[in-house]
Amino acid sequence: MILTLLFASAMLLISIVLSPLSNRLGMPVLLLFLVVGLVAGQSEWGMLMSADVSSTFLVGNLALAVILLDGGMRTRIETFRVGLKPALTLATVGVLVTASLAGLAAYWILGLPLLHALLIGTIISSTDAAAVFALLQNHGLRLNQRVSATLEIESGSNDPMAIFLTIILLELITRETPPGLPEAVGLLITQLALGGLGGLGGGWLLSRLLNSLQLQPAFYPLLVTATGLSVFAAVTLLDGSGFLAIYLMGIWVGNRGLRKMDDILQIHDGLAWLAQLSLFLMLGLLLSPHEQLTLLPEGLALGAILILVARPLAVFLCLWPFKFRWRELLFIAWVGLRGAVPIVLALFPLMADVENAAIFPTIAFIVVVLSLMLQGTTLARAARWLKLELPAEPGALQRTSLDWSTEHNHRLMIFELDGEHWTPPRTLKGVRLPADVVVTAVLRKDLLMPYEADLALQTGDKLAVIGAEDTEVKLAKLFSSVTSIPALKESTFFGAFELNGSVELDALAQNFGVQIDDAIKQQSLDYYIQSCLKAPPVEGDRVSLGAINLVVKSVENGQVTRVGLKF
């Protein structure tokens, strides 16, 4: 027992210590954890840990539940304005199209019976929330909201469809009297309905508990985790989609402006990473590289068809009606990352004792590794090549929630002044700070000083500011800039000029000499941009107007409020 504990903790330690190496090599960190598990599993030490199918299945489900809960709490409700309909279409019809095409490819490549081949296609059809969330966060990418919202919502909500198709195909393979269409449709409706009701009901209950209970600070994240797993298990026992339920519960809780939310998210970030580490290490221990090599050519061929044919076709068919630009379609098609979900789904045939069941996890493993190596390592470069990356948004160096009011969510935020705005030194007189904001102290080098109105602030000063949580971005733009993505500067992306969205096109003709048709001169920039896009506008959208590119800089309540001009 002690040796098993030593081995498990040592693997976690090695994976964490080696994680910086993944950034230098451009390798997804999840792949590194999988490799550590594979190497350890083939040594004598690997025999110390039990990595049988049932235990791996249990760990996989718990890990995916924790990851989806964390991802849901970080999904902002405003992303649903532009991403909900396309994401749900991709999470349902897209999964069906991908599974069908991949299944037909498996039928041709592997020579399996049609139902077995379609089962393989279904197992590898869904994108993995863990892989998508981790890679987007790890690369520090700030994407066009239409793209990021679609990817996040799709990866968090496509598991029910993949699980439903897997169960139906297993029933067709194993039962003497296969389920008919009414029974299959009833199962899908039951899964979605119970998942939706359980998630929203659990979120409502948890939000009430978080606001009413007075607990030790450390108990709040534990309460969220315990409630989330309880909802996940209860909905699953009722034959509903536990994954959908815990994801929706996370969205509800994360968007209610609850107390202690910053602390909860910080702890859950660590829990989500622990879940991913544990899951990929367990999968590495369960799978044997020797078994994977026997089907390597077939697995690579199937993976190539999935990545280059099935996923792109599904994306184009599902998202074309929603007026996505071709660059956005290409990127969403490329970021169809496979992770732990296909391997966990591949354990279903093993538990059902299907004929040739060992093929399923083997093929899933090869496809997952290919996806992480090919798509995961090129994600950032693809975003920049397709010009979908936005300038990094400035933020506070540190932030701490102040739990002193049940009606207001205030934060203590630390900002560092940069050279662009604070050379030479100047005071805050004349600077329009957001309402309900108080500057409390200044740290200059190692000297802590109380803030005074006539104090000249300079580059390198750190300001302690108390304000509402929604003031952070505005304050960050006033106090600091970011260099996390040095190649992409705000001025080069949006242009040197910035105008209000209500400005009429006639003003551009007069001030910049742009040739504009008389019929549209009275249109505002907002109206013109929206009429050209034919889709809800998001930051980073571009529309041509003669020799000028109009770049959307900010959107509020569906209206374009600020526009950049690029010549």
Side-chain angles (χ1 to χ4, degrees), residues 53 57 60 90-128 131 158-175 178-179 184 283 286-318 333-334 336-375:
V53 174
F57 185 76
L90 199 54
T92 51
V93 179
V95 169
L96 182 61
V97 172
T98 305
S100 301
L101 294 175
L104 293 175
Y107 177 73
W108 173 58
I109 293 171
L110 296 170
L112 293 172
L114 181 59
L115 288 178
H116 289 70
L118 289 173
L119 181 57
I120 286 182
T122 298
I123 286 169
I124 62 176
S125 63
S126 69
T127 58
D128 192 330
N158 63 9
D159 294 334
M161 188 65 176
I163 294 171
F164 161 74
L165 292 175
T166 300
I167 293 173
I168 289 297
L169 286 168
L170 281 173
E171 294 286 321
L172 290 172
I173 292 172
T174 57
R175 278 173 50 174
L283 293 174
L286 177 69
L287 301 169
S288 169
H290 304 297
E291 295 176 1
Q292 319 311 322
L293 293 176
T294 58
L295 289 171
L296 184 61
E298 293 86 350
L300 290 176
L302 182 57
I305 292 175
L306 173 70
I307 294 170
L308 301 176
V309 179
R311 168 72 178 183
L313 277 176
V315 167
F316 277 78
L317 286 173
C318 292
W334 187 246
L337 289 161
R338 269 63 191 173
V341 172
I343 301 179
V344 172
L345 288 179
L347 301 180
F348 278 67
L350 287 172
M351 299 183 71
D353 199 23
V354 173
E355 185 181 358
N356 297 319
I359 292 178
F360 296 94
T362 300
I363 294 296
F365 172 81
I366 295 171
V367 170
V368 166
V369 172
L370 178 64
S371 176
L372 289 175
M373 291 187 67
L374 184 60
Q375 297 168 290

N/O donor-acceptor pairs under 3.5 Å from side chains in residues 98-122, not counting sequence neighbours:
residue: T98; atom: OG1; partner: G94; partner atom: O; Å: 2.7
residue: S100; atom: OG; partner: L96; partner atom: O; Å: 2.8
residue: T122; atom: OG1; partner: L118; partner atom: O; Å: 3.0

Distance-only criterion, 3.5 Å: show the donor-acceptor pairs between side-chain atoms of residues 309-318 and protein atoms not counting sequence neighbours.
residue: R311; atom: NE; partner: I332; partner atom: O; Å: 3.4
residue: R311; atom: NH1; partner: E154; partner atom: OE2; Å: 2.8
residue: R311; atom: NH2; partner: E154; partner atom: OE1; Å: 3.4
residue: R311; atom: NH2; partner: I332; partner atom: O; Å: 2.9

Using distance only, find each side-chain donor-acceptor pair of residues 161-169 under 3.5 Å and give its atom names and separation, not counting sequence neighbours.
residue: T166; atom: OG1; partner: A162; partner atom: O; Å: 2.7

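Within the 4.5 Å cutoff, the side chain of L374 has heavy atoms near those of the W334 side chain.
Nearest heavy atoms, L350 versus A358: CD2-N, 4.0 Å. In this structure, R338 and T127 approach most closely via the heavy-atom pair NH1-CG2, 3.8 Å. Between A364 and I123, the closest heavy-atom pair is CB-CG2, 4.3 Å.
One distance of note links CD of E298 with CD1 of I366; it measures 8.0 Å at 0.5 Å rounding. In this structure, OG on S371 lies 7.5 Å from CG on L306, to the nearest 0.5 angstrom. Distance CE/M351 to CG/L170: 11.0 Å, rounded to 0.5 Å. S125 contributes atom OG, which lies 7.5 Å from atom CG of L345 (distance to the nearest 0.5 angstrom).
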Worked verdict on V95 versus N158 for side-chain contact (heavy atoms from CB on, under 4.5 Å) = CA-CA 7 Å; V95 169; N158 63 9; 3.8 Å; yes
